[in-house]
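Proteins get letters first, then strands, A, B, ... in listed order; numbering begins at 1 in each.
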2 protein chains.
Amino acid sequence: MSRVVAERQDVIATLAEVFREHGYDGASLSLITEKTGLGKGSLYHFFPRGKEEMAEAVLGDIATWFQTNIFDPLRSGETPAAAIDDMFTAVDSYFRQGRRLCLMGVIAASGAHDRFSVELNRYFADWRTALAEALDRQGTAESERQALAEEVIGGIQGALILARSLDDPQAFGRVLSRLKARCRSSQN
Amino acid sequence: MSRVVAERQDVIATLAEVFREHGYDGASLSLITEKTGLGKGSLYHFFPRGKEEMAEAVLGDIATWFQTNIFDPLRSGETPAAAIDDMFTAVDSYFRQGRRLCLMGVIAASGAHDRFSVELNRYFADWRTALAEALDRQGTAESERQALAEEVIGGIQGALILARSLDDPQAFGRVLSRLKARCRSSQN
DNA sequence: TAAAGAATTTACCGATTGGTACAGTCATGC
DNA sequence: GCATGACTGTACCAATCGGTAAATTCTTTA
């Protein structure tokens with residue numbers, strides 16, 4: 001593994017934090033410089049196309065993480081019901097029990113939405129597909145699958161915003177457990 | 001009604017659009033100038049504290065609208081079940097069948113969150129209280145009220161983000177009708 | 001109709017924006 | 001130990017940022 005790939009990867013985690021906390025427009029290069037400890041020279045060495053490429057890298061990184069840790073297990077899990085339970089556990093952990101926003105949601109709710117519409121579309125569509133398939137395998141009615149998957153994925157996004165706005169991270173957990181119960185009771 | 005109040009009110013609707021579509025940081029004064037047709041001089045005449053006061057005015061306007069058209073009817077409606085149904089109808093209409101984002105959510109998901117935390121908190125807390133009370137009056141179990149209210153309000157926010165990200169406004173309506181059914185079936 | 005004040009236009013400010021250029025430093029492999 | 005290329009620091013750029021100031025125009029009212 002070359003040094004390039006390793007260091008670039010280190011930076012991406014910090015970039016993700018900055019974008020998550022300040023949004024795309026709010027994440028200025030000076031702020032990014034400060035938080036990453038990298039000067040503009042280094043930043044533009046790793047991301048020649050600048051801020052947009054930084055955000056693309058972060059979104060790609062997140063997409064990969066979800067693919068690996070959420071979507072794939074939903075498909076490959078032996079017992080789909082357990083796989084769905086695991087999804088909720090992973091989600092709760094990833095979003096730090098409601099104290100962390102979803103960067104995909106942050107971008108979707110921002111003016112930068114158009115710039116990353118492809119990434120956003122793929123993220124949510126993949127999640128919906130993976131969850132709907134798991135629901136299918138656990139015996140959820142066909143008419144229910146897609147709609148329930150949308151309700152759950154949207155519910156997670158909304159719960160994050162709600163928890164932050166109410167300054168009550170626990171609201172996230174409360175909604176999560178209700179959504180989980182909903183998936184469970186849709187079995188046949 | 002003086003001309004001041006009337007014209008200021010006209011501007012607020014356009015300001016709301018700009019903030020909704022571009023976010024707080026993305027809504028530059030030049031963009032605001034362009035969309036409102038008002039020069040900086042006029043803008044600063046109406047909103048001496050600048051952009052922040054413009055956003056405050058918009059958020060205040062939205063809060064009033066929801067208080068009047070959503071929260072109050074939830075409390076005063078003769079039959080609570082019908083009042084809740086009306087809420088979903090009004091929400092679907094306000095958010096243009098999923099083609100319009102919620103500015104409160106947009107701000108909550110942005111770096112400007114801290115600046116308007118009071119407004120955000122009040123909006124969501126008021127909504128939760130009003131809905132929980134209506135659920136109470138329609139006989140929803142006490143243990144359910146608050147949690148169901150949170151699920152519904154969060155669900156609406158999330159559905160807006162989902163619909164925009166999937167580029168499928170109808171996803172909003174699908175989630176809405178499920179949430180409505182949930183409220184209905186929680187009656188006693 | 002003239003005074004008062006509301007509203008607008010215009011020019012301007014310093015600071016910051018994202019981005020570029022490039023010389024210099026550093027580690028690594030031959 | 002030297003050449004190569006990855007990496008960094010610094011200086012710089014035009015454009016735009018949010019905001020200010022003041023002269024001017026338009027409306028309202030007495």
**OP:** Classify the angle between the aromatic ring planes of B/Tyr24 and B/Phe116 as parallel (below 30°), tilted (30 to 60°) or perpendicular (above 60°).
**Re:**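 Rings of B/Tyr24 and B/Phe116: perpendicular, as their planes differ by over 60°.
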Roughly, in whole Å, what's the span from [atom1] in [X] to [atom2] in [N]?
X: A/Leu43; N: C/dG18; atom1: CG; atom2: C1'; value: 11 Å
X: A/Lys51; N: C/dG19; atom1: NZ; atom2: P; value: 8 Å
X: B/Leu38; N: C/dT9; atom1: CG; atom2: C1'; value: 11 Å
X: B/Leu29; N: C/dA15; atom1: CG; atom2: P; value: 18 Å
X: B/Asp25; N: C/dG18; atom1: CG; atom2: P; value: 10 Å
X: A/Tyr44; N: C/dG19; atom1: OH; atom2: P; value: 3 Å
X: B/Glu52; N: D/dG18; atom1: CD; atom2: P; value: 13 Å
X: B/Glu34; N: D/dC17; atom1: CD; atom2: P; value: 11 Å

Subject >> A/Arg174 with A/Asp168: basic N within carboxylate O range, under 4.0 Å >> reply: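 Judged by the 4.0 Å cut-off on N to carboxylate O distance, A/Arg174 and A/Asp168 do form a salt bridge.
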Subject >> A/Glu144/B/Arg178 ion pair, N-O < 4.0 Å >> reply: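 A salt bridge links A/Glu144 with B/Arg178.
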Subject >> Exceeds 12 heavy-atom contacts within 6.0 angstrom, atom NZ of A/Lys180 >> reply: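 Above 12, so yes.
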Original post:
Below 3.5 Å, does any donor atom in the side chain of A/Lys40 face an acceptor in the base of C/dG19, or the other way round?
Top reply: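 Checked by distance alone, the answer is yes.
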Subject >> Residue met sooner reading DNA chain C from 5', once A/Pro48 and B/Ser42 are mapped to nucleotides >> reply: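 The residue closer to the strand's 5' end, by nearest nucleotide, is B/Ser42.
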Subject >> Candidate nucleotides C/dG19, C/dT17, D/dG18, ranked by approach to the side chain of B/Ser28 - the nearest >> reply: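 Looking only at side-chain atoms, B/Ser28 lies closest to D/dG18.
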Subject >> Of the listed nucleotides C/dG18, C/dA7, D/dC7, the one nearest the side chain of A/Phe46 >> reply: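 The closest nucleotide is D/dC7.
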Subject >> Over all atoms of both residues, closest heavy-atom pair of A/Ser186 and A/Leu148 >> reply: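 Looking at all heavy atoms of both residues, the closest pair is OG-CD2, 3.6 Å.
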Original post:
Quick one: is D/dA6 close enough that its OP1 or OP2 comes under 4.0 Å of any side-chain N or O from A/His45?
Top reply: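 Looking at the OP1 and OP2 atoms of D/dA6, neither is under 4.0 Å from any side-chain N or O of A/His45.
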Original post:
Do the side-chain N or O atoms of A/Ser30 get closer than 4.0 angstrom to the phosphate oxygens (OP1, OP2) of C/dT17?
Top reply: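 Affirmative; the distance criterion is met.
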Original post:
How would you label the contact of A/Gly41 with the nucleic acid (heavy atoms, under 4.0 Å): base, sugar-phosphate, or nothing?
Top reply: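 Contact class for A/Gly41: base.
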